[in-house]
Amino acid sequence: MPAELACFQERCRARFPVSEVIYNCPQCGSLLEAVYSGARQPAADLRALWLARRTSNAPLDQSGVWRFREFLPFLPSYDSVVTLREGNTPLLGAPRAARYGGLDRLTFKHQGFNPTGSFKDNGMTCGVAQALRLGMRRVACASTGNTSASMAAYASAAGLQPVVFIPHGNIAYGKLAQALEYGALTLQIEANFDQVLALLRRLAERLGIYLLNSINPFRIEGQKTIMVEMMEQRGWRPPDWVVLPGGNLGNISAFGKALRELKDAGLIDRLPRLAVVQAEGAAPFYNLLRAADRSRLNPVGHPQTLATAIRIGAPVSWPKALREVEASGGLVEKVTEQEIADAKAVIGRCGIGCEPASAATLAGIRKLVHAGAVRADADVVAILTGNVLKDPDYIYRYHTGVLESPGGGLIQPNFGNKPVVVPNNEAQIAAILDR
Ligand code: F0G
């Protein structure tokens, strides 16, 4: 199916070949998206084909991204695709979290089950495939941690050199460790994420490095498959709501595009509503949705949150995100540090666990249900974006009551589970266990 890059801006809609190395519209500067023309296969054929591939041993078919390749046909050939078997993430029922959120039932789609532990892998296999197709040698990203971990892994697996730009001191150790282990040239810059991304965008052009942030439209294509896989797992029955955390707003852009395309292809009959949750100290998109004028986003100059993955004040993909929230009749909520921390511990108690940013979903659901914006009997899927082991430091501090809020003061360990230090004494240990 012929693929092109199209300017996202309705007034412009200029088209460019997918083989051009561009990230913004050369004519008007807006975001770009991949568009496809030509006839799609009938929905029933696609469903059957994708299902049949689940019994295949071919690497491409075993990928939870490339199994759906008819839905992202931007490559001329699949020969050089590198897959670490990304996607294939479970839908997990969580009654305890549902009760906490005020819902009758709640399902998590856990993207932390990915090879590098976050949803970034769904997009990265596509971004790296495109880098190879373009003949690039070096790839780079600015990251709050997960993008860098994912890019480092996929680039190294593909024989490309990964270069990661991260804000010094504001990334979880699990993520930094991954970037190092996967062999990325790792630059820790004394600046926040927004400043680091702006810097990298200037450098990438000058040095001919391929940029793999979520402004890269091919990463968005890969992240679409999170929604495709979810719908397949649900027998193509859309939930009422899909809830996800929002940082740079690439993922919500991908989800919205996927859902609209699934509906256009006749694979689903209606759009679920999309709810984005931001941390209170980094909530520019929340502010935008409440502003009288939605034509301009006011960046948050000094974003603050312990959920470092979403510590972003100037989200690049906000125009796309706005379109998707509006198209789906969705909404945006914000939550406090305490709310994130408690929701995270509740998800942990379900035996599921996730990183702080992911827990913003459950915290947001609880608020939205209490406010009457989401009905208690609604069918809700929340996206857990990252693995519990990404940020062990946060976990230990929460459970031992020393987690400090960026605004000052301690986070209360309302669901704390402190380790008990005991002497090597059988009687004393038995007494503790008897209590
Ligand atoms: N959850 C996690 C665990 C993330 O790592 C991110 C983004 C988000 C949510 C927000 O997604 O940006 O698409 O709105 N992390 C990026 C990174 C920014 O560099 O790893 P978004």
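Hydrogens, waters and symmetry mates are skipped; everything else that's a heavy atom, side chains included, is used. First listed ligand is number 1; within each ligand, the first listed atom is number 1.
Looking at R54, K224, K109 one by one, the single match for salt bridge (Lys or Arg N to Asp or Glu O under 4.0 Å) with E229 turns out to be K109.
Contact check on R323 versus E33 returns a salt bridge, with a Lys/Arg side-chain nitrogen under 4.0 Å from an Asp/Glu carboxylate oxygen.
Every protein residue with a heavy atom nearer than 4.0 Å to ligand 1 is included here: F119, K120, S143, T144, G145, N146, T147, P245, G246, G247, N248, L249, G250, N251, A309, I310, I312, E355, A357, T385.
Every residue two or more places apart in sequence or in another chain that forms a side-chain hydrogen bond (donor to acceptor under 3.5 Å, both in side chains) with T305 is listed here: E337. Partners of I395 according to the side-chain contact (heavy atoms from CB on, under 4.5 Å) rule, which considers only residues two or more places apart in sequence or in another chain, are K344, V388, H399. Qualifying side-chain contact (heavy atoms from CB on, under 4.5 Å) partners for A149, counting only residues two or more places apart in sequence or in other chains: Q178, K390.
If you check the side chains of T83 and W66, you find no donor sitting under 3.5 Å from an acceptor.
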